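Everything numeric in this text was worked out from a predicted model, so none of it was measured. Note that these values count all heavy atoms, side chains included, but never hydrogens, waters or copies made by symmetry. Here is how names work: the chains are called A, B, and so on, in the same order as the sequence lines, proteins then strands, and each is numbered from 1.
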Amino acid sequence: MDVIIQNLGIIINATLTATPPLLFAALGSCFSERSGVINIGIEGMMTIGAFSGVVAALLTGNPWLGFFCGGLAGALFGVIHAIVCISFGADQTISGTAINFLAPGIAIFFCKAIYKNSSQTPSLDTVQKLPKLFDGVFPVRSFWNNVLNTYTATYLCFILAVFIWFLFYKTSFGMRLRAVGEHPKACETQGINVFKVRYICVIASGFLAGLGGAYVTLATVNQFRPSVIVGQGFIAIAAVIFGKFTPQGSVKACLFFGLCSGIKTLAANGNYVSPDLISMIPYIVTIITLVLFVGKTRIPAANGKPYLKVK
Amino acid sequence: MNKKRSILSNHAFYLLIAIILGFLAGAIMLLAVGVSPITAYGKLLESVFSRPKFIVWSMNYATPLILTGLAVAFSFKMGVFNIGAEGQFVVGSMAACAVGVLVDVPAVLHVPLCILAAISAGAAWALIVAYLKIKRGINEVLSFIMFNWIAFYLSNFMVNLKVMHKVNNREATKNVLDSARIFFPENVRDILGCSSANYGFILAIILAVIIWFILKKTTLGYTICAVGYNINAAKYCGIHTNRITLTAIGISGGLAGLGGAVQLLGMTGRLSKFAGQEGFGFQGITVALIGASNPIGCIFSGLFYGAMKYGGSKLSLIDVPTEIVDIIMGMIILLIGVSYTLKSDFLKRVIKKEAE
């Protein structure tokens with residue numbers, strides 16, 4: 001029994017470590033998709049966030065500052081995506097693809113330039129890592145230590161999810177945001193500034209994706225290298241679809257995909273199932289969701305369509 | 001006045017500006033890290049053009065990109081953005097690798113068998129998405145993305161299989177048998193000075209011409225373009241839009257799969273475990289965009305990208321990060337994306353002026 005409980009604790013712990021990057025990015029993706037802008041550049045924004053976070057933490061010694069800088073770097077690419085897609089009305093998939101070239105390219109480029117041609121940054125010291133909330137409160141290896149003693153940023157992302165749910169459904173901004181993604185022209189006639197709302201949402205999506213990337217390097221991996229962000233951004237997009245484009249749905253989806261990732265870590269150690277097959281689960285599940293729940297998973301009506309102001 | 005209009009409606013005009021600005025952005029990045037852009041770009045040019053064998057290498061690098069570029073361009077004509085070329089490329093190389101390693105037949109049969117397997121795998125992978133689109137109305141961009149990653153992990157899974165991976169090395173598969181390789185004869189390769197010079201490039205050119213022919217001279221091509229221009233009008237004219245969608249996406253997937261086969265049989269010879277997506281499909285998107293979705297244009301844009309990749313790989317010799325190529329290319333795509341809007345804006349303005 002003890003063994004089972006302990007393993008359960010380990011799985012929960014792994015889930016709670018793998019979920020936050022996905023959740024941060026997925027919440028960001030919610031913002032942008034609900035306002036009518038497809039953002040497949042999330043992956044690139046996470047990568048640049050992961051890199052900038054580490055560099056800022058190494059320079060200042062403060063992980064939280066690094067975390068914030070990661071978000072800012074992501075937001076910068078959010079601004080680019082917004083200018084290209086909203087002001088210029090360019091194809092959103094093309095812009096996202098371009099960002100997935102640019103952002104990781106810039107991250108690795110500067111990494112090599114700063115750290116003498118190495119595509120890895122030095123490792124972070126313990127003080128430069130994001131802290132855990134209840135360090136030393138519970139005995140090491142105990143169930144509760146595994147479950148509750150996770151990174152403070154993990155708690156933060158769930159609080160953020162509640163906040164964003166509130167913002168989406170209980171505030172006038174949230175109502176505008178959702179309306180802009182459904183019928184921008186109608187909004188414009190009501191005096192809502194479609195461009196402004198979408199700009200805010202796309203930049204927010206970049207910021208949150210950047211935070212997600214920074215979480216990976218500052219909390220779990222300890223350093224930046226090109227392979228730290230492999231597909232998390234796309235899993236986040238999958239989670240948003242799986243979660244029916246709502247923040248609350250995205251939380252559930254991210255927890256589930258985080259669990260897959262947690263099991264993968266265990267399976268890799270125990271050699272039970274191929275970790276590659278487990279890695280596919282989020283994508284397969286998302287496809288199945290799309291197939292089975294057609295009509296229920298409704299994509300925001302104006303999603304992907306550039307809105308051009310009527311002059 | 002008309003001259004101004006013809007310049008402003010020409011893709012080449014915007015492309016040229018996009019490329020210049022792309023390199024300019026790259027130069028700013030280089031200056032930011034204290035590297036002289038002249039040195040870096042000089043090295044880039046030198047590594048591509050200074051010797052004939054470098055040009056052959058660049059062509060080798062260009063081959064898979066031309067094919068994935070064709071794949072993206074072809075589906076683009078029908079209004080579908082094949083962002084899934086990446087996944088189709090991967091399953092294509094998986095199929096070619098499996099047949100290349102496991103089947104032992106003479107070269108006359110082996111090469112076509114590998115290529116056929118790759119084309120079918122790529123086409124099948126794309127057709128699933130096309131089927132979901134027309135039967136269930138599922139947004140193809142989203143399902144393409146999912147299938148890219150499924151293919152990615154499937155490939156890593158296959159590399160790890162006991163029948164496939166090398167003895168004592170789980171990171172890569174066995175090399176495909178010599179009968180499956182598509183190299184030029186040894187003496188030709190010696191003359192060219194390139195150990196992996198292969199028939200792939202010729203194949204890519206032939207395919208570009210075939211695709212051009214299909215699009216311009218056949219009923220299928222006409223209907224595909226009609227669907228791309230206006231799907232409702234096409235439907236109204238009695239075109240079976242569903243059937244056309246399936247055909248076009250299938251062909252597109254087949255082309256991307258072929259790209260995977262050519263890369264495997266011509267260059268790498270085996271599959272390795274990936275740490276991240278290799279990006280041939282995404283680079284194909286760039287190729288198609290630069291080539292304005294024109295099959296013949298894809299040859300040149302593919303060569304451009306191939307040369308950038310090959311030249312870029314030599315930049316590490318002078319301690320310049322090779323990622324500068326990604327930055328330049330990313331900028332170029334971004335600017336081409338913007339140029340579509342600018343184009344219609346400019347044209348409207350010019351026409352308005354003319355009317356006055």
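- Only the side chain of A:I80 comes within less than 4.5 Å of a heavy atom in chain B; its backbone stays farther off.
- Both the backbone and the side chain of B:L30 come within contact range of chain A, judged by heavy atoms closer than 4.5 Å.
- Taken to the nearest 0.5 Å, the NE2 atom of A:H81 stands 8.0 Å off from the CD1 atom of A:I86.
- Contact annotation for A:Q92: neither backbone nor side-chain heavy atoms come within less than 4.5 Å of a heavy atom of chain B.
- Counted by atom type alone, B:E140 and B:N82 present zero donor-acceptor pairs between their side chains at under 3.5 Å.
- Residue A:I40 touches chain B through its side chain alone, counting heavy-atom pairs closer than 4.5 Å.
- Atom-to-atom distance recorded for B:S301:OG and B:L65:CG is 9.5 Å, nearest 0.5 angstrom.
- In terms of heavy-atom pairs under 4.5 angstrom with chain A, the leader among B:Y153, B:F81, B:F152, B:F282 is B:Y153.
- Looking at B:T173 and B:H165, their side chains never bring a donor and an acceptor atom within 3.5 Å of each other.
- Note that OG of A:S35 is 9.5 Å distant from CG of A:N39, once rounded to the nearest 0.5 Å.
- Highest contact tally toward chain B, considering only A:I237, A:I287, A:D91, is held by A:I287 [criterion: heavy-atom pairs under 4.5 Å].
- Listed options B:M329, B:Q277, B:M29 were ranked by heavy-atom pairs under 4.5 angstrom with chain A; first place goes to B:M29.
- Of the listed residues B:L154, B:N139, B:V35, B:V141, the one with more heavy-atom pairs under 4.5 angstrom with chain A than any other is B:L154.
- Using a cut-off of 4.0 Å between Lys/Arg side-chain N and Asp/Glu carboxylate O, B:K273 and B:E171 are scored as not salt-bridged.
- A:F242 has its side chain out of reach of A:I288: every pair of non-hydrogen atoms, C-beta onward, lies at least 4.5 Å apart.
- For A:S279, the parts sitting under 4.5 Å from any heavy atom of chain B are the backbone and the side chain alike.
- Chosen from A:L277, A:N303, A:T286, A:T97, the residue pairing most often with chain B at heavy-atom distances under 4.5 Å is A:L277.
- Atom OH of B:Y131 is surrounded by 12 or fewer heavy atoms from other residues, nucleotides or ligands within 6.0 Å.
- Of the listed residues (A:V230, A:I281, A:I114, A:I83), the greatest number of heavy-atom pairs within a distance under 4.5 Å of chain B belongs to A:V230.
- No other option in A:S227, A:G105, A:S87, A:A103 has as many heavy-atom pairs under 4.5 Å with chain B as A:G105.
- With a 4.5 Å cut-off on non-hydrogen atoms, B:L334 touches chain A through its backbone and its side chain both.
- Of the inter-residue distances, the one linking A:S250 atom OG with A:E33 atom CD reads 10.0 Å to the nearest 0.5 angstrom.
- Closest approach of A:F101 to B:I333, counting heavy atoms only: CD1-CD1, 3.5 Å.
- Between chain A and the residues B:T341, B:T322, B:D326, the largest count of heavy-atom pairs under 4.5 Å involves B:T341.
- Put simply, of B:I150, B:I328, B:I332, the one with the most heavy-atom pairs under 4.5 Å next to chain A is B:I150.
- Only the side chain of B:L289 comes within less than 4.5 Å of a heavy atom of chain A; its backbone N, CA, C and O stay farther away.
- Summarising the geometry, atom SG belonging to B:C298 is positioned 14.0 Å from atom OH belonging to B:Y305; distances are rounded to the nearest 0.5 Å.
- Of all the listed residues (B:I336, B:L142, B:N148, B:I285), the one sharing the greatest number of non-hydrogen pairs under 4.5 Å with chain A is B:L142.
- Residue contact with chain A, scored on non-hydrogen atoms closer than 4.5 Å, involves the backbone and the side chain of B:I324 alike.
- Neither the backbone nor the side chain of B:S339 comes within less than 4.5 Å of any heavy atom of chain A.
- Between A:I106 atom CD1 and A:F109 atom CZ the span is 9.0 Å, to the nearest 0.5 Å.
- Highest contact tally toward chain B, considering only A:I38, A:T93, A:L102, is held by A:L102 [criterion: heavy-atom pairs under 4.5 Å].
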